[in-house]
2 protein chains.
Amino acid sequence: MTTLSAASIPRTAREQARADVLAELKSIGRRHLAESGSAALSLRAVAREAGMVSSAIYRYFPSRDELLTALIVDAYNALGAEVERADAGRRRSDIAGRWMALCRGVRGWAIANSHEYALIFGSPVPGYHAPQDTVDPASRTTLTLVSLLHHGMECGAITNTGGAVPAPVRKDLIGLNSLSGMDIPAAVMLRGLAAWTQLFGHVSFELFGQFTNLIHDRDTFFAVQMKLVGQQVING
Amino acid sequence: MTTLSAASIPRTAREQARADVLAELKSIGRRHLAESGSAALSLRAVAREAGMVSSAIYRYFPSRDELLTALIVDAYNALGAEVERADAGRRRSDIAGRWMALCRGVRGWAIANSHEYALIFGSPVPGYHAPQDTVDPASRTTLTLVSLLHHGMECGAITNTGGAVPAPVRKDLIGLNSLSGMDIPAAVMLRGLAAWTQLFGHVSFELFGQFTNLIHDRDTFFAVQMKLVGQQVING
DNA sequence: AACAAGTCAAGAGCAGTGCTCTCTCAAACA
DNA sequence: TGTTTGAGAGAGCACTGCTCTTGACTTGTT
């Protein structure tokens with residue numbers, strides 16, 4: 001969407017220096033985020049660590065929210081890349097295996113980067129509204145699932161068991177195809193989205209503490225649950 | 001757990017006054033929370049509105065986290081009450097109907113009190129760790145589901161279709177029964193928890209903006225999805 | 001009734017925050 | 001060789017959580 005390629009290639013020395021500083025600030029910010037969470041992310045602290053005075057950082061990020069947005073975009077991309085890698089590591093026709101790999105990819109990344117996960121899937125940062133820049137990276141992970149559904153139907157692993165889907169929902173669901181360029185029937189897409197919310201609901205429950213004192217062997221529990229979900233999305 | 005009954009009945013005039021002030025502060029805090037979210041909840045602002053100087057509020061809440069904890073407990077109880085009411089409005093043997101009512105109860109409360117929902121099911125407030133006071137009210141909502149499972153089995157609507165559950169997970173799952181005093185088989189409990197994460201995963205996705213630009217008719221979408229989940233938990 | 005103990009509001013103050021404004025100076029461009 | 005542009009510095013505003021001290025008031029006890 002954004003003119004990323006055109007605008008972000010540093011041409012002059014000044015632009016190069018700016019890009020360097022910006023990258024360093026983002027990197028420091030990401031570390032602060034990982035260590036202390038989003039609420040503790042402070043422009044002043046980042047500036048201090050970068051060796052500049054607090055007012056100078058406003059040359060790079062017009063506000064704290066702008067820094068957060070940059071980190072959110074990065075987080076979406078990191079998760080997307082991780083999931084894509086997990087998915088690519090399986091035989092293309094092994095739908096059930098790819099689903100499990102995908103689940104493990106999401107959960108693994110979420111656990112390893114819990115604050116970033118919270119940033120994108122947790123409560124929205126108050127007073128902050130995600131700008132349009134975030135929707136493209138956000139859909140990257142979802143696309144992996146949709147293409148899994150697509151391949152599943154292609155090789156017959158997933159069949160359209162039908163089932164009536166109310167018109168307005170059907171419209172939304174087949175509308176999703178225009179984003180991916182694929183052609184998933186509404187009933188299948190419905191099951192896919194159910195699996196999706198189940199996956200992230202589980203990960204969020206685990207990371208946000210809802211399993212405390214209840215579930216102890218979380219690796220196994222997750223595997224069992226996701227296997228169940230996988231069967232449901234495949235068999236209808 | 002806490003000696004709530006013994007300590008909280010105001011005896012002297014002073015204790016009464018203290019209880020009144022405490023209730024007013026909580027009420028103001030809850031309103032601020034509803035209007036601006038948890039990050040914007042400020043002890044100073046609450047004190048100001050209550051007509052006292054900022055330092056005075058520390059007589060009532062030793063820290064900002066303490067105020068948050070109080071509001072979190074209230075939120076858990078409010079959700080629990082709402083869900084219990086929704087569940088009680090159905091015929092006891094109408095398992096599927098009770099499930100849908102329960103779902104609508106959760107979602108309805110969450111939408112009407114989105115900031116409080118975010119407080120308890122969203123990303124944990126950074127630097128804040130839930131004290132033991134919150135676990136009792138938190139389990140209240142879960143108990144409603146467990147008792148639904150229990151009644152479902154009692155009247156034959158839910159049958160134990162078996163299915164192998166790995167030993168450590170089985171242990172966790174039957175361990176949950178000791179909290180409720182019921183006796184749900186591991187395989188059924190597994191399906192119940194799956195439904196649970198699906199429900200809250202869906203509501204969180206909706207409230208935290210993951211459905212933006214994707215799902216438009218959210219009421220219908222929710223109903224369709226929860227109906228599907230209900231069938232899965234009932235039929236195995 | 002007098003006193004000691006306990007409680008509370010208030011004020012000042014510390015260190016931190018986001019953000020704005022003005023200033024200076026050096027690099028890039030013409 | 002000027003002239004423009006942009007980066008950093010510094011002061012400052014209004015706000016935050018939290019602490020400490022002081023003076024007034026309320027209790028229960030002597």
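Listed for the S204(A) side chain is no donor-acceptor partner under 3.5 Å among the backbone atoms of G201(A). N113(A) places no side-chain N or O within 3.5 Å of a backbone atom of E116(A) that could act as its donor or acceptor partner.
Side-chain contact between E24(A) and I28(A): present, with at least one pair of heavy atoms (C-beta onward) separated by less than 4.5 Å. Proximity of M189(A) to N177(A): side-chain heavy atoms (C-beta onward) are separated by under 4.5 Å at one or more points. Using a 4.5 Å cut-off on side-chain heavy atoms (C-beta onward), R18(A) and Y60(A) make contact. Using a 4.5 Å heavy-atom threshold, the side chains of F208(B) and I120(A) count as separate.
Mapping heavy-atom proximity under 4.0 Å, the span of DNA chain C touched by chain B runs 5' to 3' from dG6(C) to dG13(C).
Two residues, R44(A) and Y60(A), neighbour DNA chain D, and the one matched to the more 5' nucleotide by heavy-atom proximity is Y60(A).
In this structure, L67(B) reaches neither bases nor backbone, as no heavy-atom distance under 4.0 Å exists between it and the strands shown.
Counting to the nearest Å, the P atom of dG6(D) and the CZ atom of R18(A) are 9 Å from each other. Distance CZ (R48(B)) to P (dA14(D)): 13 Å, rounded to an integer number of Å. Rounded to whole Å, atom P of dG6(D) lies 17 Å from atom CD of Q16(A). Summarising the geometry, the separation between CD on E15(A) and P on dT5(D) is reported as 15 Å, rounded to the nearest angstrom.
A perpendicular orientation is assigned to the rings of F221(B) and F211(B), their planes being inclined by more than 60° (bins at 30° and 60°).
Across Y117(A), W109(A), F121(A), a single residue satisfies side chain to side chain contact (heavy atoms under 4.5 Å, CB included) together with V203(A), and that is Y117(A).
Pairing each heavy atom of A70(B) with each of K26(B), the nearest pair is CB-CD, 3.7 Å.
Relative to the six-membered ring of F222(A), R107(A) meets both conditions, a distance below 6.0 Å and an angle of at most 45° to the axis.
Of the residues in residues 49-59 of chain B, those with a non-hydrogen atom less than 4.0 angstrom from any atom of DNA chain D are S54(B), S55(B), Y58(B).
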ask   = In the 5'-to-3' direction, what one-character label does each nucleotide of nucleotides 24-29 of chain D receive under the scheme B = base within less than 4.0 Å of a protein heavy atom, S = sugar-phosphate only, - = no such atom?
value = --BSS-
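Between E84(B) and R140(B), at least one side-chain N (NZ, or NE/NH1/NH2) sits under 4.0 Å from a carboxylate O, which counts as a salt bridge.
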